[in-house]
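Here is how names work: the chains are called A, B, and so on, in the same order as the sequence lines, proteins then strands, and each is numbered from 1. It should be emphasised that the depicted structure is a prediction, and the values quoted were computed from it without experimental measurement. Reckoned from all heavy atoms, side chains included, excluding hydrogens, waters and symmetry mates.
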2 protein chains.
Amino acid sequence: MRLSSLADYAVVMLSAAARHPRDARLSATLLADETGVPLPTAQKLMGRLAGAGLLESARGTGGGFRLSREPCSISLADIVEAVEGPIAMTACVEQGKHDCGLETACKVRPHWSVVNGAVKGALAGVSLASLAGAEL
Amino acid sequence: MRLSSLADYAVVMLSAAARHPRDARLSATLLADETGVPLPTAQKLMGRLAGAGLLESARGTGGGFRLSREPCSISLADIVEAVEGPIAMTACVEQGKHDCGLETACKVRPHWSVVNGAVKGALAGVSLASLAGAEL
DNA sequence: CCCAAATCGGACTGATTCGTTCCGATTGCC
DNA sequence: GGCAATCGGAACGAATCAGTCCGATTTGGG
């Protein structure tokens with residue numbers, strides 16, 4: 001029931017990125033400096049976020065990253081899913097894995113769907129804009 | 001963002017236990033049979049749940065486990081915390097660990113408290129009684 | 001009163017995942 | 001055309017997790 005620290009770092013780095021002008025090129029080095037995340041880890045993270053479609057990357061001198069969407073339309077759920085994979089608290093809520101081998105008619109499974117939805121909703125309700133912008 | 005399978009098993013086993021008479025002695029072997037959880041793993045889990053105070057244990061012949069509270073007053077949050085430790089999505093929401101080394105004035109932390117509370121609430125809202133009892 | 005069966009409790013091992021680090025590939029500038 | 005800067009993927013070490021086993025303790029019968 002804990003978030004991986006990679007996901008935690010990703011949230012911090014993206015919120016830092018959202019505080020920059022929308023069309024600026026941010027290098028991994030710059031964001032690592034601003035946030036305090038170790039550089040190699042930051043590089044890995046930026047790459048993964050770009051692969052997930054949250055960032056656009058450009059190589060070469062003067063390259064870097066740029067948010068591919070507006071901060072208000074990027075949620076915590078998006079970030080977490082980009083880094084950790086689909087949000088599925090148990091194996092049985094993940095599609096295509098209904099063979100948990102336990103009770104054939106599992107009375108618990110329907111409840112997990114509800115809980116999973118609630119958790120996902122809590123994460124989806126917080127946008128990157130609100131993280132970057134402001135005091136609580 | 002995923003629950004450990006130990007926690008998943010624990011929920012299944014406790015919901016099975018809740019379907020038995022309140023004062024019956026349940027052995028780890030019995031519950032393992034009913035749920036399909038491997039016996040050694042079930043033993044380990046029951047011990048941990050007893051240590052957390054959710055179960056009362058009795059040794060010797062005819063011993064076993066018994067719920068220490070009414071099913072309606074045991075929530076998913078209780079079970080998850082018993083198996084996985086405190087529900088804290090990030091390190092900074094856990095008390096006594098405010099030295100994350102990142103930004104001194106972290107703009108993200110207050111939001112994590114909110115999200116953490118929402119997740120915890122979602123888990124606390126489902127009681128063991130509703131898990132054991134009924135169809136959705 | 002002693003013995004034996006049954007059950008809990010904790011220690012050990014193997015595996016998977018996580019976190020980190022490093023080096024090669026690609027691009028733009030001089 | 002060479003050089004510097006930056007992304008991209010591959011490899012390594014550490015920690016946690018899942019699973020297994022054996023010893024400690026208690027009850028019940030002989």
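Ser5(B) comes within 4.0 angstrom of sugar-phosphate atoms only, judged by non-hydrogen atoms across all strands, and of no base. The residue Ser4(A) sits close only to the backbone: its heavy atoms come under 4.0 Å of sugar-phosphate atoms, none of a base. Across all strands shown, Ser57(A) has heavy atoms under 4.0 Å from sugar-phosphate atoms exclusively, and none from any base. Contact annotation for Gly51(B): no contact, since no heavy-atom pair falls under 4.0 Å across all strands.
Checking dG9(C), dG8(D), dC7(D) against the side-chain heavy atoms of Ala50(A) singles out dG8(D) as nearest. With distances taken from any side-chain atom of Tyr9(B) to the nucleotides dC8(C), dC22(C), dG19(D), the minimum falls on dG19(D). Of the candidate nucleotides dG8(D), dC22(D), dT21(C), dG8(D) has the atom lying nearest to any side-chain atom of Arg59(A). The side chain of Ala28(B) lies closest to dC8(C) when the candidates are dT20(D), dC8(C), dG8(D).
For the pair Gln43(B) CD and dA18(D) C1', the interatomic distance rounds to 15 Å; values are reported in whole Å. Following rounding to the nearest Å, Arg2(A) (CZ) and dC17(D) (P) show an atom-to-atom distance of 9 Å. The CG atom of Leu30(A) sits 10 Å away from the P atom of dT6(D) (whole-angstrom rounding). As a whole-Å value, the separation of Leu3(A) CG from dC18(C) C1' is 13 Å. Between Asp8(A) atom CG and dG19(C) atom C1' the separation is 13 Å, expressed in whole Å. One interatomic measurement links the two molecules: CG of Leu55(A) to P of dC7(D), which rounds to 10 Å at whole-angstrom precision. Summarising the geometry, the separation between CG on Leu39(B) and C1' on dT7(C) is reported as 11 Å, rounded to the nearest angstrom. Per the geometry, CZ belonging to Arg48(B) stands 13 Å off P belonging to dT16(D), to the nearest Å.
Mapping Glu84(A) and Pro40(B) onto DNA chain C by nearest heavy atom places Pro40(B) at the nucleotide closer to the 5' end.
No donor-acceptor pair under 3.5 Å is formed between the side chain of Ser68(A) and the backbone N or O of Glu56(A).
With hydrogens and angles left out, the side chain of Thr61(B) and the base of dA5(C) share a donor-acceptor pair within 3.5 Å. The base of dT20(D) lies outside donor-acceptor range of the side chain of Lys44(B), with no N or O pair under 3.5 Å.
The two residues Asp78(B) and Ser73(B) have their closest heavy-atom pair at OD2-O, 4.0 Å.
Comment: Arg22(A) engages Glu70(A) in a salt bridge, judged by a side-chain N to carboxylate O separation of less than 4.0 angstrom. Using a 4.0 Å cut-off between charged side-chain N and carboxylate O, Glu94(A) and Arg2(B) make a salt bridge.
The closest side-chain donor-acceptor pair between Asp8(A) and Ser5(A), if any, does not fall under 3.5 angstrom.
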